[in-house]
Amino acid sequence: RIAAQHGAKVAVAEEYRVGGTCVIRGCVPKKLMVYASQFSEQFEDARGYGWAVTEGAFDWDAFCARRDAEIDRLNEIYITNLTKAGASLVRSRAVVEGPHTVRILSDNRTVSAKYILIATGATPWYDEKVPGIEHVISSNEIFHLPKVPDKLVIAGGGYIGVEFAGIFNGLGANVTLVHRGSEILRGFDEDMRHAVRAGMQDRGVNFIFNRIFSNIEKTSDGLNITLSDGQTLSADHILFAAGRWPHTEGLGLEEVGVTLGDKGAVVVDEESRTSVPSIYAVGDVTDRAALTPVAIREGHAFADTVFGNNRRIMDHATIPTAVFSQPELGTVGLTESEAISTYPSIDVYTASFRPMRTAFLGRNDRIEMKVIVDAETDIVVGVHMVGEGAGELSQILGIAVKMGVKKADFDSTVAVHPTASEEFVTMGAPARQLRREAA
Ligand code: NDP
């Protein structure tokens, strides 16, 4: 769309629906499911606040029909916007045949172009070594289950595993998450990882750590899973969420000289250009930061640079992000362990409290906040939060951190009361002052 708006003659080849994984079978339908699943708790909250509500049954079919209608609407909007900008849409799989040539498989014709952009995303990875792996489903299929399962077992403690554990737990399934490590959400701040897991456990999600699947068997009434320690579990469905790999298989890239790296990712430079100068790649297929807004920015920078006479480089530093787990996690910048290996001295400010809304109900929900400061410059290098609103707040905190906000700026900002986020501007003494030994 952006390239076409710059005047380029553009064709987009798409074999499925338009809008990308995020819109069609990712972030957007997922977030609608998060909202749907939160009502079980909200009915209870309503009663605590004096409303005489009784929890009705959840109608999975009715919800799925509305959700799918919304996705259909968005798919159409993407198509309209492409067409309005003057780009043409080719409803077919395409493969690369040369530095300037693409074959359209539906009618077996070739088209030539000055530039080719690869934006094929990523695809669920399955561990083919596990006997019975063909019985699992991925995040592609989980949206289309015939009903809410009684028992769901999830493999993987990353974004997808954790988010769907919360969703199906909220919808009433018995959920067990099996993770090969000893804590979920590797890569996030340690304290936040623990807080998310504790909050999920509180809500009823079961965890099995330090195990992997060793066998899956279909039985007359579902699936039987054997774990690496011999323990067995039964399930109606297994969501396999052990990562997504760049979607490059069969695209013809290596044959034309495009260098692929780990997991088949397209290797690109800072301008998203591959080893073949006329071929570029953006998004998850490059395995940089696998997040939709990052892919959009990379694509926009490509179009502006190549067609808009405006060289732009996507800045991959300090990307705010959220995990829509229950409780939610929002984050920007360095974790505590990254910060102390980057800066010689850091001050860590924390807040841990029961938020007003749920404390009133007698619930144990906690909000955890952490602000990490480079002690030498007073610059805030990381902000993390677990709890209600964390995703929304991470966007705003992201602006501040990107601007180089100092702890003194937090301190000089007047609190908005009563909110949970006011705790960010009332953090007094650091909880920890970490100093790296001079070498
Ligand atoms: P992640 O990379 O987030 O997590 C994969 C999980 O699977 C990790 O817990 C990992 O363990 C585990 N794992 C990896 N390999 C194996 C293996 N061989 N055996 C057992 N377990 C394994 O991937 P997801 O599939 O959850 O999500 C894919 C991508 O989608 C993410 O990278 C994210 O960028 C994106 N996404 C973003 C969302 C958001 O922004 N809210 C929401 C959903 C997806 P370990 O930690 O030990 O490596």
Side-chain angles (χ1 to χ4, degrees), residues 20-35 121-130 133 136-143 153-167 176-190 192-194 196-197 200 205 207-216 225-229 238-247 262-263 265 283-298 316 319-332 335 385-386 390-392 394-395 398:
T21 298
C22 176
V23 173
I24 304 300
R25 48 192 177 193
C27 335
V28 175
K30 178 275 309 283
K31 187 103 188 254
L32 294 174
M33 290 178 72
V34 170
Y35 288 137
T123 190
W125 174 80
Y126 302 95
D127 188 351
E128 301 294 345
K129 292 192 302 298
V130 178
I133 193 75
V136 306
I137 57 171
S138 73
S139 56
N140 291 348
E141 294 80 35
I142 195 125
F143 296 106
V153 172
I154 298 176
Y159 277 92
I160 294 180
V162 162
E163 291 183 343
F164 279 103
I167 289 170
T176 302
L177 191 150
V178 179
H179 177 44
R180 68 173 173 182
S182 53
E183 187 55 285
I184 56 171
L185 296 173
R186 187 166 60 85
F188 289 89
D189 186 88
E190 290 286 316
M192 302 299 130
R193 297 168 68 189
H194 301 328
V196 172
R197 196 246 313 130
M200 290 174 72
V205 176
F207 289 91
I208 299 179
F209 288 112
N210 304 307
R211 310 278 191 286
I212 54 170
F213 286 15
S214 55
N215 190 52
I216 302 164
I225 304 150
T226 309
L227 301 182
S228 42
D229 64 342
I238 300 166
L239 170 65
F240 203 80
R244 292 172 59 88
W245 283 29
H247 199 175
D262 195 24
K263 301 176 181 175
D284 290 14
V285 77
T286 62
D287 201 22
R288 285 177 280 182
L291 296 165
T292 302
V294 173
I296 290 172
R297 287 288 170 97
E298 289 167 358
H316 288 89
I319 296 168
T321 183
V323 184
F324 295 102
S325 44
Q326 299 175 46
E328 200 167 283
L329 166 62
T331 173
V332 58
T335 65
M385 174 175 169
V386 169
E392 294 291 340
S394 65
Q395 184 66 82

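Numbering of ligands and ligand atoms starts at 1, following listing order. We use all heavy atoms of the structure for the numbers below, so side chains are in, but hydrogens, waters and symmetry mates are not.
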Arg288 atom CZ, neighbour heavy-atom count above 12 within 6.0 Å: yes
Under 3.5 Å: donor-acceptor pair, side chain of Ser228, backbone of Ile212: yes
Atoms in ligand 1 flagged as close to Leu291, the criterion being non-hydrogen separation under 4.0 Å: 34 (O), 40 (O)
Proximity winner for atom 34 (O) of ligand 1, if only heavy atoms of Gly157, Ser138, Ala290 are counted: Ala290
Heavy atom of the protein closest to atom 1 (P) of ligand 1 (residue, atom name, distance): Gly158 CA, 4.0 Å
Donor-acceptor contact present, side-chain Arg211 to main-chain Phe209, <3.5 Å: yes
Ligand 1 atoms in contact with Ala241 (distance to a heavy atom under 4.0 Å): 5 (C), 6 (C), 7 (O), 25 (O)
Residue-ligand contact Gly181/ligand 1, heavy atom below 4.0 Å: no
Atom 42 (C) of ligand 1 [closest protein heavy-atom partner, distance rounded to 0.1 Å]: Glu163 OE1, 3.1 Å
Which residue and heavy atom of the protein sit nearest atom 23 (O) of ligand 1, plus the separation: Gly243 CA, 3.4 Å
Side-chain (Arg193) to main-chain (Leu185) donor-acceptor, under 3.5 angstrom: yes
Within reach of ligand 1, part of Ala322 (heavy-atom separation under 4.0 Å): backbone
From the candidates Glu183, Arg180, Arg211, the one that places a heavy atom nearest atom 20 (C) of ligand 1: Arg180
Check: Val34 and Glu163 side chains under 4.5 Å, non-hydrogen atoms: no
Nearest-neighbour protein heavy atom for atom 26 (O) of ligand 1, which is reported as residue plus atom name and distance: Ile160 N, 2.8 Å
Polar side-chain atom of Ser214 near backbone of Leu227 as donor-acceptor pair, under 3.5 Å: yes
Nearest-0.5 Å distance that lies between atom NE2 in His194 and atom CZ in Arg197: 7.0 Å
Pairwise side-chain contact, Tyr126 with Ser138, heavy-atom cut-off 4.5 Å (strictly under): yes
From the candidates Trp245, Tyr159, Phe240, the one that places a heavy atom nearest atom 40 (O) of ligand 1: Tyr159
Proximal atoms of ligand 1 relative to Lys30 (non-hydrogen, under 4.0 Å): 41 (N), 42 (C)
Ligand 1 contact by Phe213, heavy-atom criterion under 4.0 angstrom: no
Atom 7 (O) of ligand 1 [closest protein heavy-atom partner, distance rounded to 0.1 Å]: Ala242 CA, 3.1 Å
More than 12 heavy atoms from other groups under 6.0 Å of CD on Glu141: yes
Nearest neighbour in protein (non-hydrogen) for atom 18 (N) of ligand 1: Trp125 CH2, 3.3 Å
Nearest non-hydrogen protein atom, atom 45 (P) of ligand 1: Arg186 NE, 3.3 Å
Residue from Asp127, Ile216, Val153 passing side-chain contact (heavy atoms from CB on, under 4.5 Å) with Val136: Ile216
Phe324 ring center near Tyr35 ring center (under 6.0 Å): no
Protein residue, atom and distance nearest to atom 29 (C) of ligand 1, heavy-atom basis: Arg244 CD, 4.2 Å
